[in-house]
Amino acid sequence: MKKRNVRAAMENRNARADLAPYAARSPGRLVAEPLSPTRTEFQRDRDRIVHSTAFRRLAHKTQVFVHHEGDHFRTRLTHTIEVAQIARALARALKLDDDLAEAVALGHDLGHTPFGHTGEDALDECMADHGGFDHNSHGLRIVTELERRYAEFDGLNLTQPTLSGLVKHNGPLIDSSGAPGERYRKRGIPDAILRYDRLQSLDLAGQPSLEAQAAAIADDIAYDAHDIDDGLRAGLFSLADIRASVPFAGGLLREIDDRYPQLEEPRVIHELTRRVITCFIEDVIAESSRRISEAKVDSPEAVAAAGQPLVGLSPALAAADRDVKTFLFARMYRHPSVQRVRDQADAIVRRLFEVYLTDPATMPTNWATKAGQGERARAVADYIAGMTDRFAIHEDARLFDGSPELR
């Protein structure tokens, strides 16, 4: 009787009467498991992601600046934590399952390589003849295959809504005819995603859950805010530059000047950052509430069939978001000092790939064995993708003379 009462209590907890009818539900896992007596299914997903090896490695993976360029710049891990905080705020306001939104946010970057997008682009080109490399599909493989911690299954055995959110938080991967969407139009859907979809449907043509949509827009908000913050603190551009080039930021700076006319610059930068986040969050809540109401969705299935995203920015703030990203692309991501490090990082990834592919014995024994048992190139890519920045730099110095310091 006691076990039955516990199970009923957990089923009620998973149902969560405080949520809107269009909030995601928590159907089963690929490998069936008993319900937890203390946590909902999405809370278990979140916890498994946080305790994974891949999550810990994010602490030493590049966001924009390599680890030794400064202790106060964002890493892939601190970015992920900021995304999760924003995603939870959005989900709560919209009466969504904030545990699912947090799980998707915490897991959305697990598949990233060392050195950020530079490492991914280099590894993708190295793998051009072997199916390419895509951080989204690699992230799915991490949580379904590559993490080997549990006695009864490979991966983390996450729920279907969490896996689906990780794979398609930025939108459907295929259209109604089954053709790949824009992201995968040239190369096709990665085999890893299609393979898993045959085991457990990820509904690749449907819109993401609203929780996954909240995580996706939270990623954009976090990028805008913390890259402005990091770029200003790194001296890549000035407050005067962003004031003149981005009307949205200029308006916020005028508000700060009016209220705090003698405020020192570090506090101005922080005030700007927090106001960017607040403006975007408040706008997303208002705009998404309007879209959800107009779409009249009343279930997760109705969200999937909506035909368009329901969580997003208003036209005015979407334009502001584009302005911020255009400014950051030109003044930060393509800044000569950042580009110089990117070029050096690109060379490291390519050198490591070539030497491991040619001589797998230069990898640890377990990876060398894996390379000899199946697709050698994929095993090499998996090994490199799991590296932190500093480990990749260390490996490059171990294997090659005259490796760069990435400065």
Side-chain angles (χ1 to χ4, degrees), residues 1-59 77-78 80-110 139-167 169 196 199-202 208-216 218 299-300 303:
M1 177 69 73
K2 186 175 181 180
K3 285 186 178 179
R4 212 176 308 138
N5 290 340
V6 168
R7 181 176 180 85
M10 289 314 301
E11 286 174 346
N12 287 338
R13 183 192 290 258
N14 278 297
R16 289 191 60 180
D18 58 312
L19 301 181
Y22 43 74
R25 305 187 191 101
S26 52
R29 306 171 187 276
L30 185 63
V31 179
E33 298 182 58
L35 292 174
S36 166
T38 58
R39 295 172 295 167
T40 69
E41 293 299 272
F42 294 146
Q43 288 170 349
R44 293 174 83 186
D45 285 356
R46 175 202 62 202
D47 296 348
R48 288 179 180 187
I49 290 168
V50 167
H51 288 282
S52 68
T53 302
F55 186 79
R56 290 197 299 277
R57 286 176 180 153
L58 296 178
L77 179 61
T78 56
T80 294
I81 293 169
E82 291 179 11
V83 174
Q85 179 267 323
I86 295 170
R88 285 192 74 99
L90 294 173
R92 284 197 192 106
L94 296 171
K95 295 187 177 180
L96 306 176
D97 196 307
D98 51 346
D99 294 319
L100 173 58
E102 183 180 29
V104 174
L106 291 171
H108 83 285
D109 270 355
L110 291 182
L140 177 67
R141 290 184 59 237
I142 286 172
V143 299
T144 59
E145 302 174 34
L146 298 178
E147 284 278 337
R148 299 194 171 182
R149 308 168 58 83
Y150 296 91
E152 297 185 359
F153 46 79
D154 290 339
L156 306 181
N157 198 37
L158 304 177
T159 61
Q160 189 275 347
T162 299
L163 290 173
S164 179
L166 293 177
V167 167
H169 54 276
Y196 190 85
L199 295 175
Q200 183 182 37
S201 174
L202 299 172
S209 68
L210 295 181
E211 290 82 357
Q213 293 182 40
S299 67
V303 170

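All residue numbers in this chain count up from 1 along the given sequence. All values below were derived from every heavy atom in this structure, side-chain atoms included, with hydrogens, water molecules and symmetry-related copies excluded. What you see is a predicted model; the values in this text were computed from it and never measured.
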Tell me, with the steps shown, if L35 and E41 meet side chain to side chain contact (heavy atoms under 4.5 Å, CB included).
CA-CA 7 Å; L35 292 174; E41 293 299 272; 3.7 Å; yes
Pairwise side-chain contact, R46 with L106, heavy-atom cut-off 4.5 Å (strictly under)
yes
Interatomic spacing from CD in E102 to CZ in F42 - rounded to 0.5 Å:
13.0 Å
Measuring from atom CZ of R88 to atom CG of D97, what distance do you get when rounded to the nearest 0.5 angstrom?
9.0 Å
Minimum heavy-atom distance between A215 and A101, given as atom pair plus value:
CB-O, 4.0 Å
Quick one: NE2 on H169 to OG on S164, what's the gap to the nearest 0.5 Å?
11.0 Å
Pairwise side-chain contact, P300 with S209, heavy-atom cut-off 4.5 Å (strictly under):
no
Is any side-chain heavy atom of L140 less than 4.5 Å from a side-chain heavy atom of L163?
yes
Rounded to the nearest 0.5 Å, how far does OG1 of T144 lie from CG of D154?
9.0 Å
Going from CG on L146 to CG on L110, what distance comes out if it is rounded to the nearest 0.5 angstrom?
11.0 Å
Without swapping roles, check the side chain of Q200 against the backbone of R29 for a donor-acceptor pair under 3.5 Å.
no
Checking R92 now: which residues fulfil salt bridge (charged side-chain N to carboxylate O under 4.0 Å, His left out) with it, not counting sequence neighbours?
D98
Can any side-chain N or O of R39 pair as donor or acceptor with the backbone N or O of R44 at less than 3.5 Å?
no
Which atom pair, heavy atoms only, marks the closest approach of P27 to P161?
CD-CG, 3.4 Å
R48: what forms a salt bridge (charged side-chain N to carboxylate O under 4.0 Å, His left out) with it, not counting sequence neighbours?
E33
Heavy atoms, side chains only, cut-off 4.5 Å: are L210 and Y22 in contact?
yes
What is the distance from atom OG1 of T53 to atom CZ of R149, rounded to the nearest 0.5 Å?
4.5 Å
I'd like to know if the side chain of R56 reaches the main chain of H51, judged simply by a donor and an acceptor atom lying under 3.5 Å from each other, with no hydrogens or angles considered.
yes
F153 and L30: side chain to side chain contact (heavy atoms under 4.5 Å, CB included), yes or no, with the steps?
CA-CA 10 Å; F153 46 79; L30 185 63; over 6 Å; no
S52 backbone acceptor or donor facing E147 side chain under 3.5 Å
no
Taking Q213 for the side chain and P208 for the main chain, is one N or O donor matched with an acceptor at less than 3.5 Å?
yes
